[in-house]
A.B. asks: 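Structure in structure tokens, see below.
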Amino acid sequence: MKLPFLLIAVSTLLTAAVGFAGELPAEDDLARLQGTWLTVSLVSDGKILVDEKTPARPGPVTKLVYEGHAWTIVVGDKTAATGTFKIVQSKSPKEIDILDQSGRPDKTKLGIYEIHGDSYRYCLSPAGKPRPTQFVSKKGTGDSLGVSKREKP
């Protein structure tokens, strides 16, 4: 008599646990991207522009700021570029589309990204080129590979 009751109880608990787990929100990369990111390394078309051993030339720090679906590149205290973006976190690797301030589809840069804690890595192709499939920037591709760290208040 106790066995059927135990089976029903376990079954009910498992069903409830699965239902509850299914209702938990997935980690939201849009929320995780929000804020200011400092450039740690940047490689463009296979050429190292900034890396941890060779920091950017003396001068203003380059920051990438995400607010909602908008992005801004700030160099020192000046805005260098702005635009919008969209992400698809269900793909592997995760995808990001970067539109400049014109919003023209032919200016869209396709890319991939990943976020681990306070580290953000992305690889973008030039506008009109296919989305990169790996986090690399080889000479002749025009791809840019960047690593940024979240700015601490």
A.B. asks: Rounded at 0.5 Å granularity, tell me how far OH in Y122 sits from CD1 in I87.
C.D. replies: 15.5 Å
A.B. asks: Quick one: CG on L145 to OG on S41, what's the gap to the nearest 0.5 Å?
C.D. replies: 6.5 Å
A.B. asks: For A80, what residues pass the side chain to side chain contact (heavy atoms under 4.5 Å, CB included) criterion, not counting sequence neighbours?
C.D. replies: I73, V75
A.B. asks: For the atom pair CG (D28) and CD (Q34), what is the distance rounded to the nearest 0.5 Å?
C.D. replies: 8.5 Å
A.B. asks: Taking side chain to side chain donor-acceptor pair (under 3.5 Å) as the test, write out the residues that go with K94, two or more places apart.
C.D. replies: D29
A.B. asks: Hey, can you pull the donor-acceptor pairs under 3.5 Å for the side chains in residues 124-131, sequence neighbours left out?
C.D. replies:
from	atom 1	to	atom 2	distance (Å)
S125	OG	L110	O	3.1
S125	OG	K129	O	3.4
S125	OG	P130	O	3.2
R131	NH1	I96	O	3.2
R131	NH1	D97	OD1	2.9
R131	NH1	G111	O	2.8
R131	NH2	D97	OD1	2.9

A.B. asks: Can you name the residues that form a ring pair (Phe, Tyr, Trp, His ring centres under 6.0 Å) with F85, not counting sequence neighbours?
C.D. replies: Y66, H69
A.B. asks: Using the test side chain to side chain contact (heavy atoms under 4.5 Å, CB included), find all partners of V65 that sit at least two apart in sequence or belong to another chain.
C.D. replies: T36, E67, T72, V74
A.B. asks: Is there a side-chain contact between D143 and C123 (heavy atoms, below 4.5 Å)?
C.D. replies: yes
A.B. asks: The criterion is side chain to side chain contact (heavy atoms under 4.5 Å, CB included); which residues satisfy it with S119, sequence neighbours excluded?
C.D. replies: V147, K149
A.B. asks: What pairs with K109 under side chain to side chain donor-acceptor pair (under 3.5 Å), at least two apart in sequence or on another chain?
C.D. replies: none
A.B. asks: Just how far is it from atom CG of D45 to atom OG of S144, taken to the nearest 0.5 Å?
C.D. replies: 8.0 Å
A.B. asks: Provide the closest heavy-atom pair for Y113 versus E95 in the form atom of the first, atom of the second, distance.
C.D. replies: CE2-O, 3.3 Å
A.B. asks: So, using side chain to side chain donor-acceptor pair (under 3.5 Å) as the criterion, who are the partners of E114 when residues are at least two apart?
C.D. replies: R121
A.B. asks: Taking A81's backbone N and O only, do any of them form a donor-acceptor pair with T79's side chain (distance below 3.5 Å, no angle check)?
C.D. replies: no
A.B. asks: For residues 70-84, which residue pairs qualify under salt bridge (Lys or Arg N to Asp or Glu O under 4.0 Å), counting only residues two or more places apart or in two chains?
C.D. replies: none
A.B. asks: Would the distance check show the side chain of S137 and the main-chain N or O of G46 forming a donor-acceptor pair, the cut-off being under 3.5 Å?
C.D. replies: yes
A.B. asks: Just to verify, what does R150 make a side chain to side chain contact (heavy atoms under 4.5 Å, CB included) with, not counting sequence neighbours?
C.D. replies: W37, D118
